[in-house]
Amino acid sequence: MSDGLDVIILDDDPTVCEVITEIVRRFYAWGDVIPFMDMSEALGYCRERESGVAVFILDVYIGDGTCFSFLDEIADFFPMACEDAIIISGNANDDVVNMCVASDITHLLEKPVRAYALQLAVRSIVNRYIKFAKKMFRDPKLAESVARL
């Protein structure tokens with residue numbers, strides 16, 4: 001486990017999971033890229049982590065479940081998981097879009113995923129944390145108040 005902001009990928013299609021993992025590894029330097037093809041394995045990993053912050057790249061349908069049920073399962077461990085998620089769909093229909101909106105998910109990509117779209121979505125999430133870290137670095141009082149949480 002790294003000390004950075006990791007990317008957790010969950011897609012039950014081995015080829016898609018591998019392609020997404022390789023795309024992200026080409027540009028991602030702020031933490032580890034951790035792929036999963038099984039929801040129960042990913043849940044176990046997320047429940048054992050010390051840090052409750054990560055970027056999630058999730059397929060809409062994972063085996064018998066959905067990314068929305070996965071996000072519900074990890075909500076206590078990752079309070080910002082929905083805001084830090086990129087959902088990937090083979091068919092981004094109205095139901096999928098509505099579920100994303102209802103869950104506060106703002107990044108939805110359709111397969112086949114374009115590398116630049118994935119990179120921009122990941123960087124959008126990471127930039128929020130980088131900006132916050134810079135604010136804490138510049139403002140010791142803010143850093144102290146965050147440390148007390």
For Asn93, is the CG atom crowded, meaning more than 12 foreign heavy atoms sit under 6.0 Å from it?
yes
If hydrophobic clusters are built from ILVMFWY residues whose side chains come within less than 4.5 Å, do Met37 and Ile87 share one?
no
Rounded distance [0.5 Å steps], CD in Glu83 versus NE2 in His107:
10.5 Å
Given Val113, which partner from the list Val16, Ile88, Val19, Ile86 fulfils the side-chain contact (heavy atoms from CB on, under 4.5 Å) test?
Ile88
Quick one: pull up CG in Leu58 and OG in Ser89 and give me the separation to the nearest 0.5 Å.
12.0 Å
Rounded to the nearest 0.5 angstrom, the CD1-CZ distance for Ile74 and Arg49 is 9.5 Å
Between Ser103 and Met99 (side chain of the first, backbone of the second, donor and acceptor by atom type, cut-off under 3.5 Å), is there such a pair?
yes
Report the relative orientation of the aromatic rings in Phe56 and Phe78; use parallel for angles under 30°, tilted for 30 to 60°, perpendicular for over 60°.
perpendicular
For Phe27 against Trp30, the heavy-atom pair lying closest together:
O-CZ3, 4.4 Å
Measure the CD1-CZ distance between Ile9 and Phe36 for me, rounded to the nearest 0.5 Å.
10.0 Å
Count the heavy atoms belonging to other residues, nucleotides or ligands that lie under 6.0 Å from CD of Glu110, then report whether that count exceeds 12.
yes
For Ile125 and Ala85 the tightest heavy-atom approach is CD1-N, 4.0 Å
Minimal heavy-atom distance between Ala42 and Phe70, with the atoms involved, is CB-CE1, 3.8 Å
Val97 and Leu71: same hydrophobic cluster, using ILVMFWY side-chain contacts below 4.5 Å?
yes
Is there a path from Leu5 to Ile130 through hydrophobic residues (I, L, V, M, F, W, Y) whose side chains come within less than 4.5 Å of each other?
yes
Short N-O contact, Lys111 and Asp13, less than 4.0 angstrom
no
Check for a donor-acceptor pair, side chain of Ser69 on one end and backbone N or O of Gly65 on the other, with a separation under 3.5 Å.
no
Asp84 versus Arg128: any side-chain heavy-atom pair under 4.5 Å?
yes
Flag the pair Val96 / Leu108 as yes when at least one side-chain heavy-atom distance between them is below 4.5 Å, and no otherwise.
yes
Do Asp38 and Ser40 get their side chains close enough for a donor-acceptor pair, meaning under 3.5 Å?
yes
Euclidean distance, Ile57 CD1 relative to Ile8 CD1, rounded to 0.5 Å
10.5 Å
Shortest non-hydrogen pair, Asp11 vs Cys17, comes out as O-CB, 3.7 Å
Is there a side-chain contact between Cys67 and Leu10 in this structure, where contact means two heavy atoms from C-beta onward sitting under 4.5 Å apart?
no
Does a donor on one side chain sit under 3.5 Å from an acceptor on the other, for Tyr61 and Asp12?
no
Between the main-chain N or O of Asp32 and the side-chain N or O of Asp6, is there a donor-acceptor pair closer than 3.5 Å?
yes
Got a salt bridge between Glu73 and Arg47, using NZ or NE/NH1/NH2 to carboxylate O under 4.0 Å?
yes
Any side-chain heavy atom of Glu22 sitting closer than 4.5 Å to one from Pro35?
no
I need the Asp104 CG to Cys82 SG distance, nearest 0.5 Å.
7.0 Å
